[in-house]
Every structure is written in C-alpha cells, then in structure tokens.
Amino acid sequence: MNLLNGLNSGQEDAVLQTDGPVLVLAGAGSGKTRAIIHRVAYLLDGGINPRRILAVTFTNKAAEEMRGRAIKMVGDVAEKVLLCTFHSLCARILRVHIEKLKPMSGRQPYKMGFSIYDDSDKKRLCLSCLKDLGQPHNADSVKAARKWISYAKIEGLEPENLEAHLERRGESRFARVYELYLERAAACNALDFDDLLALTLRLLDENEEVLSIYQDRFEYCMVDEFQDTNRTQYELIKTLSGKHKNLFVVGDDDQSIYSFRGANIRNILDFEKDFPDAVVIHLDQNYRSTENILSAASALIEKNRGRMEKRLFTENTQGEQVVFCTCADERAEAEFVCSEIQDIQNGCDSELGSIGVFYRTNAQSRAIEDELLKRQIPYTMVRGHRFYERKEVKDVIAYLKVAVNPDDEIALERIINTPPRGIGKTSIDLLKKHARGSGISLFGAVSELMNAESVRPALRKKLGTFCSLMQALRAASTAMGPPKFVEHLINETGYFHYLIEDEGEGEQNPRAENVKELVTVARGFAERNPNSSALDFTHHIALLSDVDQLKEQEDTVSLLTLHSAKGLEFDVVFLVGVEAGLLPHYSVSTREQLEEERRLLYVGMTRAKKMLILTRAWRRSIFGRTAMNPGSPFIQEIPAVMLKTTAFYGDGI
DNA sequence: TGCGACCTAGTTTTT
DNA sequence: CTAGGTCGCA
C-alpha cells in the first residue's frame, strides 16, 4: 500500500520530512489531520517502534480518531503510538515520577495518588485562600485570582515574580493569594490543569534521569493545533523532543481562538526563531469548501493585521452564494434556520447530520432549541461537561478522590457531611482550625479529634465512624477495579440510599440514575483500560471533555458554539447572531481581541462545505431587555458580490 | 441543618 | 430572563 496515495505535494513533504524540526502552516480544510495520520503511518511502515512516536492533540476525541485512522492504514501497530493530549501525557508521566519532584520550600511534597483539580475545584480553593487571607472574596476577586494564578503558572512565575509583575497594576495582593494557593494545593496533593504541564516541565528540568527516559524514548514528536498551545506546552514539547530533535508542529495562526486561555500565536513565530533550520511547509489548498465560501472567508480574514501572509485556493466548484439574512428577532431567526433545515431535509440532498448551527454564546442556543423542538427536528447540543457537573456525580467522584488521596481537602469537604452524618459547618470549622493550627491535613484532623478529650463525645463518635468508613474505602480502592469500587462506594457510604430514600429508584429519580451511569462509565473505562486503578479512573474523568464522549449522532442537527466547532466540518452551516455586540462580542476592547473575534467568525465560516448561511436579528432580547444590534461590521468586510442578502420577518414584525 | 426567598451577574473554555 | 449563590429564618 502506498502511504502517499492521494496526497498533494505539500502533504507529501509533510509526510516525508521525518527528520529535524518541521513547521506546517496548514490553512483551514487543507488536510492537515490527514497529513499527520499519513506521517504516523509512514513512520510505522518504516519500522519505527510505535512507542517512540508521540503525537499530541488537543482533545481525547481527536486523538482517538487519529488512532483509529492510523490503525486502518497500517494495522494494530498504531495502537501503541502515544497519541494523547498534553494534559494526559503529563498526568501519565507524573503518575510514575511525581515523587521525584523537589518540594518547594514551605510546601508539602507531591505524592503518588495526586488529585487533579478542575476549574470548580480551583475556584473553591481560591475562595478559601482569599477568605483566610482576609481579602475580599466576591466573584470578581475569585475570578481575578484564578486568572493571575493561571497566568503565573503558564509563564513559570513564582509568587515573588508575580508580585513584581502585579505591582505595576496595583494588584499585588494576588501574589499572596498565589503563594497560599500553591501551599494549599500542595498540602491537598492536588494539581490543577496548569500544574500538570508546569510541574512536568519542572520535573524534566530538574531531574536528568527522568528527562533522559523521555527524551530517549520520543524519537518523533508531533503537535496538532499548534496555534493554540501555550507557553508551557511549547517548552514541554521542545524539551521532550530535545534529544532527537524531530519535532513536527502543525497549525494555522488564522484559527487561533483560545488566546483568552493563554494560547499564544507567538509560539508559531518563535518556532522559526528557535529552530532556524526548520523546514516550513505550507498547505494552502482547501479541499473542504466551495469557491464562494472560501473567498468570502478569505476576504474576511485578510482584514487581520497580525497574521502570516497566505492565500488559500480551491479547485472545488463555485457553489452557491453565501447567504446573509436579517431576521426580525431571535425567534424569527430560529424560524428561518429551521425552515431552511426542513427545506434541505425535503430536498434530500443533505442529511440532518451534515448540518451545523453555530453561535457565539451558549445562551443563543435556547431560541434555536425551542424552534427545533417545536418542529420536531432532532438535534444534538454540545455543551460543556454537563454530566460531570451534576452534584450527585461530583459527590461520588469526591468520594473516589478522598479514598485515593485523603489529603484532598476540597473533595473531603464536599462529602464529609453528604449524606448528612451530623458533621456540620461548625464541626468542619473546628476541624479546619485544628488542621491549620497543627499543620496537618483536614483528614488528619478528623483522626486526631475523634480521640481528643476536648471534643464532645457525640462528635467524636461521628468522626470515628466517618474515619473508619474512609479508611475502609481507601483499602477497597486498591483491592478492586474501578466499576466494582464505585458500586461498593455508593453503597458503603450510604450515598445511594440517601439519593433514593425520598425520590425512589428508577426512571423518575434522575440523580440515582446518574450515579448508576457513573458505574457504567467506570465499566467502559475498565474494559478499555485493563488493570487500571481507581486513581487512573479519577484522572481519566478529570481530563475528559464532553466533546470526547459525544457519540457520533447520525441523523441530528448539531448545535455548537463557534469555539467547539473548530476541527469539525458540515455540508451546511448556519451561523446565527452575526451582529455587533455578539460577534464581535460587546466585551472586546482591543484590536487583538477584535482580531480574535474575526478569527472566530472565520473558523465558523470555513467549517462549511457546501452552504453557508449567516443570520442576524434586528432586535434580540438579552437579559430580559431588548437590544437593537446593528449588523456585524465583519459583514461589511466581505465583498457584497459574494453575499446574497435577504430578510426574514416571520411573525416577529 | 435545611429550605426557601432574595439578589446578582451574565463570552468563549480543547484540559 | 434565569440560574446559581447567599443569607436568614424555622
């Protein structure tokens, strides 16, 4: 089988240029994923040990997809390629080596069995730090604290460096929050998403032995969506590929839409500086969209100043004009979208599964959903983490975490009195005070105070019961596989009973059903990962996004935000709310932010293969108010000849 | 300790 | 408008 079959010359170069640093600038729809997969296949075909290939993607789903396609090309050998996200790579490395990290002064050393904190855990931890420092702890403070902590970690700053940085802005108080946060996180034996990256990098920097294990191993390194990597990720991949120096990165500066999260286009620019001998390959033939769609999108993106010069072309048909429809209000907009969908459905030239509806903000989905429901058009909405954000699911996961990592205070606080066992706020405050006073963990305080004379006997007894429950769980966590353990846990803790005692069991009790679903998730995980532990399972869940779990819904319309549309494609794309205030969003103030909004629209437009319909609402109710949004200035940037402008009033006039 | 009334904030979020 | 969080009362 010829692995270069069907590739154009740029893609071919990308596949064949296996040695040395390679930067691939791949425009939208230019077949970059294809190039990476062929490259992996080509390496394997050339007899490279799959374990020596590292390919980093941005979602687990993308990783799995790539793996599947590579297996199709070269067989099961592709199974063993390390194809994962930056975060899961780091979690894997740290699960083995975290105890080799040198502890920072004044902080607890990290131990095997660490917890991974998601954004809400991080928020709670920030909140408790702000409170204990006597600082204001309103939503704005917490938000600012999170932002600075994340910034400091990505940029590799210690509290004193952050303080210097913050002084200029008059926000130096956050440096102390950061300091306490680091201390507390270490005491909890917990890593947030930024830590996973930053601590792995630090480990590689300070431990030659670990460094050489991985540098020796990773003969070929590849990174997809390179434009959305942050500083730490770039440093990491540079370090990991440092020995063999076969680093291959693929990205498109025009599709960088995560700068608000620390992604840095600078990485693309720096790549050529850091690797002066890098081979630069341009993929500029678009295979996805019609000529009309591509030229409209290109005309738009060319208005950005901070971009690399390039021009995509296509050999696809001209296709239909891009439609721009002004609707009376958001209800009319939804009616318009849905009636178009039904027309398409009746015309039978497209299945529902090939239709996507994109919007800037999640709130916009509501009007569309209502109308889809009304017309009984099946749809799937990609919406962040819904299942794992449910209270009952988080509670069970918190039990898991405490069983694996008793130092995890955030998780412990969550479950110490759920179900109610008479350890209320007052008792928790007492425990916390004792823990802080003696420099021990919250769980340590539980086991000390359950025997302390000073504590009233009733509470001592309750603490004792809870403590032995958790110790028994800890023992059980290593004795059984994840599904069995989750089941064991929800029974032993009384949590399942607590859920069903009021609501009963079965369909009518969604909370109990969700908890059961978690057992099913654990079963699936254990099947895919034999010999995995409860710890592996908690890490897996923490690093899962629900785009990952989204099953291919065959015959339904997809509803997604512009951000989650990246990397996907649809025959027909509706882009709603293309109006000033939403796109660009009213919150943007700088040119850089405006350019990112333009890229966002560009990403949305270039998802369309055959038809692209942009809509706006003349008036829109937003936060209970009616806003009269002018059309998006971006529309003016698309030459009028490329647009077919229409209007739809529905009942809304 | 738990529930309900009140208040407030409200982009995007691969991990 | 509405969801989530807080506060106060029973």
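Taking the centre and axis of the six-membered ring of A/Tyr234, the NZ or CZ atom of A/Lys238 falls inside the cone set by 45° and 6.0 Å.
Using a 4.0 Å cutoff on non-hydrogen atoms, the parts of residues 577-595 of chain A near DNA chain B are A/His585, A/Tyr586, A/Ser587, ordered by number.
Although no hydrogens or angles enter the test, the distance criterion places a donor-acceptor pair under 3.5 Å between the side chain of A/Asn417 and the main chain of A/Ile423. Judged purely by atom type and a 3.5 angstrom limit, A/Asn304 has no side-chain atom pairing as donor or acceptor with the backbone of A/Gly306. Panel note: side chain A/Thr538, backbone A/Leu535; a donor-acceptor pair is recorded below 3.5 Å. Put simply, the side chain of A/Arg460 gets close to the backbone of A/Val455: a donor and an acceptor are under 3.5 Å apart.
Taking every side-chain heavy atom of A/Arg366 into account, C/dA3 is the closest of C/dA3, B/dG2, B/dG10. Among B/dT13, B/dT11, B/dT1, the nucleotide with an atom closest to any side-chain atom of A/Arg360 is B/dT11. Each of B/dT14, B/dT13, B/dT1 was ranked by its minimum atom distance to the side chain of A/Asn362; first place goes to B/dT13. Distance from the side chain of A/Asn417 is smallest for B/dT1 among the nucleotides B/dG10, B/dT14, B/dT1. When each of B/dT13, B/dG2, B/dT11 is scored by its nearest atom to the side-chain atoms of A/Thr361, the top-ranked nucleotide is B/dT11.
Here A/Asp119 lies in heavy-atom contact (under 4.0 Å) with a base. Using a 4.0 Å heavy-atom criterion, one finds that A/Lys566 contacts the bases of the nucleic acid, with or without backbone contacts as well. A/Leu568 comes within 4.0 angstrom of no nucleic acid atom, judged by non-hydrogen atoms across all strands. Using a 4.0 Å heavy-atom distance criterion, A/Gly422 is classed as a sugar-phosphate-only contact. Residue A/Asp194 is classed as having no contact, given no heavy-atom separation below 4.0 Å to the nucleic acid.
For the P atoms, the distance from B/dT12 to C/dG5 is 16 Å, rounded to whole Å. Taking atom C1' in both C/dT6 and B/dT11, one finds a spacing of 25 Å when rounded to whole Å.
The 12-atom threshold is not exceeded at NZ of A/Lys461, counting heavy atoms of other residues, nucleotides or ligands nearer than 6.0 Å. More than 12 heavy atoms of other residues, nucleotides or ligands sit less than 6.0 Å from atom NZ of A/Lys394. Under a cut-off of 6.0 angstrom, the local environment of CZ in A/Arg202 is crowded, with over 12 non-hydrogen atoms contributed by other residues, nucleotides or ligands.
For the pair A/Tyr258 and A/Thr426, nearest-nucleotide mapping onto DNA chain B gives the more 5' position to A/Thr426. For A/Arg421 and A/His563, each mapped to the nucleotide of DNA chain B holding its nearest heavy atom, the one lying further toward the 5' end belongs to A/Arg421.
The distance between atom NZ of A/Lys61 and atom P of B/dT14, rounded to the nearest whole Å, is 13 Å. A/Gln364 has its CD atom 15 Å from the C1' atom of C/dC1, to the nearest Å. A/Leu600 has its CG atom 11 Å from the P atom of B/dT12, to the nearest Å. Atom C1' of nucleotide C/dT2 and atom CG of A/Asp370 are separated by 13 Å, given to the nearest angstrom. The separation between A/Glu64 atom CD and B/dT14 atom P is 18 Å, rounded to whole Å. In this structure, A/Lys122 atom NZ and B/dT13 atom C1' are separated by 12 Å, rounded to whole Å. Atom CZ in A/Arg620 sits about 14 Å away from atom C1' in B/dT11, given to the nearest Å. Computed from coordinates, the A/Tyr388 OH to B/dT13 P distance equals 19 Å when rounded to whole Å.
Within the 4.5 Å cutoff, side-chain heavy atoms of A/Asp192 are placed close to those of A/Lys153.
An aromatic stack links A/Phe260 and the base of B/dT12, using centre distance under 5.5 Å and interplanar angle under 30°.
Between A/Phe570 and A/Phe358, the ring centre distance stays below 6.0 Å.
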Provide a list of protein-nucleic acid N or O atom pairs under 3.5 angstrom, restricted to nucleotides 4-10 of chain C.
none

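For the side chain to side chain contact (heavy atoms under 4.5 Å, CB included) with A/Ile265, the qualifying choice from A/Arg307, A/Glu596, A/Glu592, A/Arg599 is A/Arg599, the only one to do so.
At the phosphate of B/dT13, OP1 or OP2 sits under 4.0 Å from a side-chain N or O atom of A/Thr561.
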